[in-house]
Amino acid sequence: MGPKGIRANAIAPGFIETAMTAQLPDAVREEWKKKIPLRRGGQVEDIANTAVYLASDLSSYVSGQVIQVDGGMNM
């Protein structure tokens with residue numbers, strides 16, 4: 001679909017702090033954060049900012065990518 005100007009990308013979120021993850025026991029959340037190089041969970045805004053970037057002209061030459069927004073968890 002590239003010739004038609006259609007780009008295809010995906011966002012792969014890591015551990016994001018939401019109402020759902022807040023229900024996990026503190027010990028589980030802290031252990032998970034230890035495995036993330038940035039040592040914190042992501043925020044909903046981190047995912048939203050990536051979506052805004054992909055929807056903007058700033059990413060006009062980005063296509064076929066899976067962008068991990070995970071604090072480096074899957075490096």
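Note that these values count all heavy atoms, side chains included, but never hydrogens, waters or copies made by symmetry. Along the sequence shown, the residues carry numbers beginning at 1.
- Checking side-chain atoms of D70 against main-chain N and O of P13 turns up no donor-acceptor pair under 3.5 Å.
- Across P37 and G71, no two heavy atoms sit closer than the pair CD-O, 3.4 Å.
- If you chain together hydrophobic residues whose side chains sit under 4.5 Å apart, V52 and V44 never meet in one group.
- Expressed to the nearest 0.5 Å, how far CZ of R40 lies from CD1 of I36 amounts to 9.0 Å.
- Between atom CG of residue D46 and atom CD of residue E17 there is a gap of 9.5 Å, rounded to the nearest 0.5 Å.
- Of the inter-residue distances, the one linking I16 atom CD1 with E45 atom CD reads 10.0 Å to the nearest 0.5 angstrom.
- Residues V62 and N9 approach most closely at O-ND2, 3.1 Å, considering heavy atoms.
- Taking CD of E31 as the reference point, atom CG of L24 lies at 13.0 Å (rounded to 0.5 Å).
- There is no side-chain donor-acceptor pair under 3.5 Å between S60 and R7.
- For the pair T18 (side chain) and T21 (backbone), a donor-acceptor distance under 3.5 Å is present.
- Remark: A12 pairs with V66, Q68 by the side chain to side chain contact (heavy atoms under 4.5 Å, CB included) rule, at least two apart or across chains.
- Residues L58 and V69 share a single hydrophobic cluster, defined by chaining ILVMFWY side chains whose heavy atoms lie under 4.5 Å apart.
- Between F15 and R29, some side-chain heavy-atom pair lies under the 4.5 Å cut-off.
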